[in-house]
Amino acid sequence: MINLEIENVFLKEVDSTQTFVKKHAQEFNQNKITCVVADTQTSGYGRHQRKWLSPSSFENIYCSFYFVLPSSIKNFVNISELLSYSLIEFLIENGLKPEIKWPNDVLLSQKKLAGILCETSFQNETVQIFLGIGLNVNLPKKECSQVDQPATSLLIETEKKWQRDFVLEKVQKQFLKNLSLFLKEGFASFAAKIDHLLAHKNKSLTFYDGDKEYTGSIVSISSDGALNFKIEKTAEIKKFYSGTLITTKKNK
Ligand code: BTN
């Protein structure tokens with residue numbers, strides 16, 4: 001099992017920290033967690049290959065964690081939810097009221113503050129985790145309006161500037177604590193906490209599973225991190241492990 005320590009690698013400019021960690025994985029210490037942090041990305045991307053706006057002058061967080069776990073670990077697909085929960089804890093500690101848009105968008109004032117992307121690769125008995133987070137730290141209003149869905153930043157929400165590395169250090173610390181708990185006890189205790197933070201609960205909306213759209217409402221998160229979604233027409237509760245909640249016209 002890996003040591004729960006993070007080695008940061010700071011870069012000025014990169015195409016994408018996610019692409020970088022996937023390309024250089026073998027060069028990193030396989031017994032620790034590596035976190036590649038960039039000031040700017042020229043081709044940052046998100047879920048469904050959407051572009052992730054990554055300008056340099058605003059001290060946002062663009063980083064990707066790389067680490068290896070035994071593939072026998074249950075529910076490792078929920079590691080992305082652990083990272084969003086770690087950020088949520090930091091935000092609550094600072095007097096903010098975050099929500100989670102399932103599976104792992106972090107919202108403030110119903111707008112997207114951070115997005116998380118988890119990619120995996122299996123090798124024999126192990127799984128390589130490439131876990132990226134984009135967090136709008138000091139992104140001003142004008143730039144937020146260029147994002148393809150309602151977006152916000154810590155600067156907008158708190159009306160003060162934040163030090164990127166301070167925020168990063170706090171979130172990393174929470175993440176290490178949560179990852180350690182997850183590796184010992186699994187995901188169930190996180191599922192219950194995340195359930196309380198879910199945005200758009202019990203409202204009529206559309207869920208897209210990558211193939212089909214369903215109209216219905218969010219019921220809860222199950223103990224393995226899946227979304228329990230009630231189909232409006234039949235009242236059947238369907239369990240989804242991946243997909244997108246469509247809350248604006250642009251965000252499918
Ligand atoms: C999403 O909400 O769709 C996930 C966005 C993830 C963006 C981050 S920024 C750092 C890392 N590098 C990338 O190219 N993407 C992730």
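Computed from heavy atoms alone, side chains included, the values below leave out hydrogens, waters and symmetry copies. Atoms within a ligand are numbered from 1 in the order they appear, just like the ligands themselves.
For F67, there are no ring-ring contact (aromatic ring centres under 6.0 Å, His included) partners, not counting sequence neighbours. Every residue two or more places apart in sequence or in another chain was checked for a ring-ring contact (aromatic ring centres under 6.0 Å, His included) with F166, and none qualifies.
Under a 4.0 Å N-O distance rule, the pair D224/K239 qualifies as a salt bridge. With respect to E59 and K161, a salt bridge is recorded, a charged nitrogen being found less than 4.0 Å from a carboxylate O.
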Check step by step if ring pair (Phe, Tyr, Trp, His ring centres under 6.0 Å) holds for Y214 and F229. CA-CA 9 Å; Y214 300 85; F229 190 80; 7.3 Å; no

Tabulation required: pairs of a nitrogen or oxygen in ligand 1 and a protein nitrogen or oxygen under 3.5 Å; columns are atom names and distance to 0.1 Å; otherwise 'none'.
from: ligand 1; atom 1: 2 (O); to: K112; atom 2: NZ; distance (Å): 2.6
from: ligand 1; atom 1: 3 (O); to: R47; atom 2: N; distance (Å): 2.7
from: ligand 1; atom 1: 12 (N); to: T17; atom 2: OG1; distance (Å): 3.0
from: ligand 1; atom 1: 12 (N); to: Q41; atom 2: OE1; distance (Å): 2.9
from: ligand 1; atom 1: 14 (O); to: S16; atom 2: OG; distance (Å): 2.7
from: ligand 1; atom 1: 14 (O); to: Y45; atom 2: N; distance (Å): 2.9
from: ligand 1; atom 1: 14 (O); to: Y45; atom 2: O; distance (Å): 3.4
from: ligand 1; atom 1: 15 (N); to: Y45; atom 2: O; distance (Å): 2.6

Name the atoms and distances for all side-chain donor-acceptor pairs under 3.5 Å in residues 35-42, with sequence neighbours left out.
from: D39; atom 1: OD1; to: R164; atom 2: NH1; distance (Å): 2.8
from: T40; atom 1: OG1; to: S54; atom 2: O; distance (Å): 2.8
from: Q41; atom 1: OE1; to: T17; atom 2: N; distance (Å): 2.9
from: Q41; atom 1: OE1; to: T17; atom 2: OG1; distance (Å): 3.4
from: Q41; atom 1: NE2; to: S54; atom 2: OG; distance (Å): 3.0

